[in-house]
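Only heavy atoms go into these numbers, but all of them, side chains included; no hydrogens, no water, no symmetry mates.
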Amino acid sequence: MTARPGPPAPFAAAVTGIGLVTAAGTGADATWRTVTGADTAPNVLRRPELEGLPCDFMYTISGLDTRAGLGIAVVRLMDRFSQLAVLAAREAVADAGLDPSAWDGARVAVIIGSAHGGLPFYDEQHTLLTERGARRVSPKLAPLTVVNGAASSVATDLGALGPSQAVSTACSSGTVAIGTAHQMLRSGACDIAVAGGAESVCSRLLFASACQLKAVSTRRDDPGAACRPFDTHRDGFVIGEGAGLLVLERPEHARARGATVRAHVAGYGASSDAHSAVAPDPEGRGIERALRTALADAGVDATDIGHVNAHGTSTVSNDLIEGTMLRRVLGEHPLITSTKAMTGHTLGAAGGIETALTVLALERQLVPPTANLDAPDPGIPVDVVRKEARAAAFDAAVKTSLGFGGHNAALVLTRA
């Protein structure tokens, strides 16, 4: 039997920029203010496209005119998830102090995750096909709806000529994209990577299926309180739209240009449950493997972790499985939060958005509260922050993600 290779040398990618476009706010600062403000109501709206469904609401980005930010000609060539990705990428690159017109584009990679790509445009075009015939179908269907559309659009917008990849591992896509960027930087394949996730799926077909699966909340009497991770009365997640991207750099590259480093991605782990298409391993063994791998990759002990931005979807099984696993691996001391009650479950974008929020939590030594957590589930044995943000001193944090199909991922982030 061939011996397993030893662990690679530790590598901490420098996070030098973040960009966020979410239902909680346009821009990283706006999103952070909403997520950390206990009295801020989440932006959950009923959508006319979903009328008549048991779940007819979603976390929606309001007041954002992508045509103004990108130009009408550009917008016509992108689905909304790609538009959000480009806006987030521009903020992240500007935050990093980088000038795309001056960098060596061949050394810049783009890795962006998405679960569904341009699914709403598929819906629209299928309606045209069935109601008005084949000649009414757009020739832009393929380029606008493919999952790699966001990565392609961002690479084109920034002039990034290095590796450009799309990751699609369901709801762990954004986290896997950042982990892939970490590995790519470690290998020397690039000096800079723009990585994270993007999603916008106000699709009647998808919502109808999610209702049938009983994965989403049907709390139509109070949509803003429907997503309630770790709460005794949780009944499913609420879908949201958004994009979260990070600029990661090789540490020597960041030092050489005098960049401000906001945090480090120090470790990454991934695994497969090989259990079910829709349900996590009931003992949480898959996500446990991913987390333990990330800790070992970072050279960090479980006792060093002070905060976890959990996957925390607000489904009955996921929250219990994940919470129990976190207690088993990390003990009782880390402060746990799920920010999905303020951003919605943004599916393939979730890992990107929530990793960016973890960077901000490390930087500001403040853990956001889990909104709508009125009655903590006594069966989930972890310290979940609720009601208001909690100040804390910690040097290392974790982001966990689980995806349909058993795709698990975890990142370890450390203070700069």
_Step-by-step salt bridge (charged side-chain N to carboxylate O under 4.0 Å, His left out) determination, Asp297 to Arg186_ = CA-CA 12 Å; Asp297 190 40; Arg186 172 187 261 159; 2.9 Å; yes
_Side-chain donor-acceptor pair present, Ser62, Thr60, cut-off under 3.5 Å_ = no
*Are a donor atom and an acceptor atom from the side chains of Gln125 and Ser138 found within less than 3.5 Å of each other?*
no
*Quick one: OG1 on Thr313 to CD on Glu322, what's the gap to the nearest 0.5 Å?*
8.0 Å
*Do Thr232 and Asp377 get their side chains close enough for a donor-acceptor pair, meaning under 3.5 Å?*
no
*Taking all atoms of both residues into account, what is the closest heavy-atom pair of Phe81 and Ala198, and its distance?*
O-CB, 3.5 Å
_Gap separating the CZ atom of Arg228 from the CG atom of Asp235, nearest 0.5 angstrom_ = 8.5 Å
*Could Asp56 and Arg204 be called an ion pair, given the rule that one side-chain N must be under 4.0 Å from one carboxylate O?*
no
*Would you give the length of the straight line joining atom CG of Leu402 to atom OG1 of Thr175, rounded to the nearest 0.5 angstrom?*
9.5 Å
_Spatial distance of atom CG (Asp273) from atom CD1 (Ile287) [nearest 0.5 Å]_ = 8.5 Å
_Do the side chains of Asp29 and Arg364 get close enough for a salt bridge, i.e. N-O under 4.0 angstrom?_
yes
Identify each donor-acceptor pair in which a side-chain atom of residues 13-25 lies under 3.5 Å from a protein atom, sequence neighbours left out, and give them as a table.
{"from": "Thr16", "atom 1": "OG1", "to": "Glu249", "atom 2": "OE2", "distance (Å)": "2.7"}
{"from": "Thr22", "atom 1": "OG1", "to": "Ala24", "atom 2": "N", "distance (Å)": "3.0"}
{"from": "Thr22", "atom 1": "OG1", "to": "Gly25", "atom 2": "N", "distance (Å)": "3.3"}
{"from": "Thr22", "atom 1": "OG1", "to": "Gly25", "atom 2": "O", "distance (Å)": "3.4"}
{"from": "Thr22", "atom 1": "OG1", "to": "Thr31", "atom 2": "OG1", "distance (Å)": "3.1"}

*Any side-chain donor paired with an acceptor under 3.5 Å for Thr370 and Thr337?*
yes
*Counting heavy atoms not belonging to His333, are there more than 12 under 6.0 Å from its NE2?*
yes
_Spatial distance of atom CG (Asp319) from atom OG (Ser314) [nearest 0.5 Å]_ = 6.0 Å
*Are the side chains of Ile305 and Val308 in touch, meaning some heavy atoms are under 4.5 Å apart?*
yes
*Under 4.5 Å between any side-chain heavy atoms of Asn309 and Val398, yes or no?*
no
_N/O donor-acceptor pair under 3.5 Å between Tyr59 side chain and Ala341 backbone_ = yes
*asked:* Are Leu98 and Ile192 packed together at the side-chain level, in the sense that at least one heavy-atom pair is separated by less than 4.5 angstrom?
replied: yes
*Would you mind checking if Glu354 and Lys399 are paired as a salt bridge, meaning a charged N to carboxylate O distance below 4.0 Å?*
yes
_CZ/Arg328: more than 12 non-hydrogen atoms of other groups inside 6.0 Å_ = yes
*Over all atoms of both residues, closest heavy-atom pair of Ala375 and Asp231*: N-OD2, 2.6 Å
*So do Glu124 and Leu141 actually touch side chain to side chain, heavy atoms under 4.5 Å?*
no
*Locate the shortest heavy-atom distance separating Trp32 from Leu357; write the atom from each residue and the value.*
CZ3-O, 3.6 Å
_Aromatic ring proximity, centroids under 6.0 angstrom, His345 and His311_ = yes
_Distance-only side-chain donor-acceptor flag, Ser401 / Ser172, under 3.5 Å_ = no
_Residue pair Ala302 / Val329: nearest heavy atoms and the distance that separates them_ = CB-O, 3.3 Å
*Taking all heavy atoms of Thr66 and all of Val75, pick out the closest pair and write down the distance.*
O-CG2, 3.6 Å
*Would you say Val247 and Asp95 make side-chain contact, with heavy atoms under 4.5 Å?*
no
*asked:* Checking Arg47 against Glu49 for the salt bridge (charged side-chain N to carboxylate O under 4.0 Å, His left out) test, could you report, in this order, the C-alpha distance in whole Å, the side-chain angles of both residues, the deciding distance, and whether it holds?
replied: CA-CA 5 Å; Arg47 299 293 294 264; Glu49 303 96 320; 3.3 Å; yes
_Could you measure the distance from the NE2 atom of His307 to the CG atom of Leu330? Nearest 0.5 Å is fine._
12.0 Å
